[in-house]
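Quick notes on the structure that follows.
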Amino acid sequence: MPELPEVETVRRGLEKMILGAKIEHVKVLYPKIINGDPSDFCRLLQEREILSLDRRGKYLIFNFSGDLSMISHLRMEGKYFVKKSSDPLEKHTHIVFFLHNGRQLRYNDVRKFGRMELVPTVQRYEVAGIKKLGPEPTAALFDATSFFANLRKKKKVIKTTLLDQTLVAGLGNIYADEVLWLSRIHPETPACNLTEDDAKLLHDNIIAELAKAIKAGGTTIKTYTDAFQHSGSFQFDLHVYGKKGKPCERCGTSIEKIVVGQRGTHFCPSCQKVK
DNA sequence: CAAAGTGTTGGCTC
DNA sequence: AGAGCCAACACTTT
């Protein structure tokens, strides 16, 4: 499910619904979701107020009163819902945060890949995973010159490089395929073979495409919904992801699907050539 | 029924 | 030390 635009959409939804809410207690139904001791997790969260919500890359960060933060990664299928306590518990809801106003924040995750952990707020950007993230994909933070310099040091192919989060944060499998198509770069091009013009174009497309996807409320392929259980609409703006066998919008060539770094990868064999 | 799926991590090798 | 590769995680859908 969630790449940066989807996580940001979830963050904005939660911000509207649970800011200022107080946690009375927490129930952990599937302990492996929690990094660290689940009973410590529940105990530490009691009586905390939800002060703000941050995001870094695909990580959601809940900031509580008393210098405590919760780092939450949704991985493939994680979702948050806000429900009344009387609403029946959904299948695959694994963590329930009981709020003071008779509502519950519920974490739901079919594949149970998501993880959450508590850290002092001052350390929230220092945890493993977040610490190694590249810059946020915005004009203010993501610099084209250093992006090009970093690409030249990478021996991996460009698709794998974009997915590893270290040169720029937030791209996942869908948006990686999309920005490579927009930039006319073959996903298996070694990152170090990209020209400065390629890097600049890719840089600009990454910033523009993720911003556009946030505006659309993210991409719903199978199951993604935001905290209001609303679908996104960016799936209607996709050019190659899920378009195997369909004509390329630029040249009419049939879109191909291959596997790159264990991930399904879509591209146009005619306008994206390996260099 | 086998395979693939929106993501990261840990263990391995070089 | 650091980069790169790949299996593992758990369950549903095709």
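A quick note: this is a predicted structure, and the numbers were derived from the prediction, not measured. Throughout, a chain's letter reflects where its sequence line sits, starting with A, and its residues are numbered from 1.
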| field | Between C:dG4 (C1') and A:Leu151 (CG): distance, integer Å | value | 16 Å

| Tell me: CZ of A:Arg56 to P of B:dT8, nearest whole Å? | 13 Å

| If you round to the nearest 0.5 Å, how far is CD of A:Gln104 from OG of A:Ser86? | 8.5 Å

| said: Apply side-chain contact (heavy atoms from CB on, under 4.5 Å) to residues A:Ile50 and A:Phe97 and explain how you reach the verdict. | reply: CA-CA 11 Å; A:Ile50 301 167; A:Phe97 303 80; over 6 Å; no

| If you measure from NE2 on A:His73 to CZ on A:Arg115, what distance do you get to the nearest 0.5 Å? | 11.5 Å

| task | State which residues pass salt bridge (charged side-chain N to carboxylate O under 4.0 Å, His left out) with A:Lys212; sequence neighbours excluded, sorted by chain then number. | result | none

| said: Looking at A:Gln165, I'd like to know whether one of its side-chain N or O atoms comes within less than 4.0 Å of OP1 or OP2 on B:dT8. | reply: yes

| Interatomic distance where CG belongs to A:Asp177 and P belongs to B:dG7 [whole Å] | 10 Å

| request: Return the value, rounded to whole Å, for the distance between atom NE2 of A:His266 and atom C1' of B:dG5. | output: 11 Å

| request: Please tell me which of the listed nucleotides, C:dC6, B:dT9, B:dG5, lies nearest to the side chain of A:Gln262? | output: C:dC6

| query | Under 4.0 Å: is that the gap between some side-chain N or O of A:Lys132 and OP1 or OP2 of B:dT9? | reply | yes

| request: Kindly say if A:Lys58 contacts the phosphate of B:dT8, meaning a side-chain N or O under 4.0 Å from OP1 or OP2. | output: yes

| note | With the side chain defined as heavy atoms from C-beta on, A:Asn173 is closest, among C:dC5, B:dG7, B:dT9, to B:dG7

| More than 12 heavy atoms from other groups under 6.0 Å of NZ on A:Lys83 | yes

| said: Which residues pass the salt bridge (charged side-chain N to carboxylate O under 4.0 Å, His left out) test with A:Glu49, not counting sequence neighbours? | reply: none

| request: Could you state the atom-to-atom distance from CZ of A:Arg263 to P of C:dC6 in whole Å? | output: 14 Å

| When the P atoms of C:dA10 and B:dG11 are considered, how many whole Å apart are they? | 16 Å

| Within a radius of less than 6.0 Å around CZ of A:Arg250, do more than 12 heavy atoms belonging to other residues, nucleotides or ligands occur? | yes

| said: Distance check needed: B:dG7 C1' versus A:Arg55 CZ, whole Å only. | reply: 16 Å

| remark: Those residues at least two apart in sequence (or on a different chain) that pass salt bridge (charged side-chain N to carboxylate O under 4.0 Å, His left out) with A:Arg12 are A:Glu8

| query | Between A:Tyr107 and A:His94, how do the two ring planes meet: parallel, tilted or perpendicular, split at 30° and 60°? | reply | tilted

| query | Rounded to the Å, how far apart are A:Lys257 NZ and B:dA3 C1'? | reply | 10 Å

| If we take the P atom in both B:dA4 and C:dA7, what is their distance in whole Å? | 13 Å

| task | Let me know the distance between NZ of A:Lys244 and P of B:dA4, rounded to the nearest Å. | result | 10 Å

| query | In the 5'-to-3' direction, what one-character label does each nucleotide of nucleotides 9-14 of chain C receive under the scheme B = base within less than 4.0 Å of a protein heavy atom, S = sugar-phosphate only, - = no such atom? | reply | BBBS--

| said: Show me the dot-bracket string of DNA chain B, counting Watson-Crick or G-U pairs under 3.5 Å, with | for pairs to another strand and [ ] for crossing ones. | reply: .||||.||||||||

| task | List for me each residue that meets ring pair (Phe, Tyr, Trp, His ring centres under 6.0 Å) alongside A:Phe98, sequence neighbours excluded, and say none if there are none. | result | A:His25

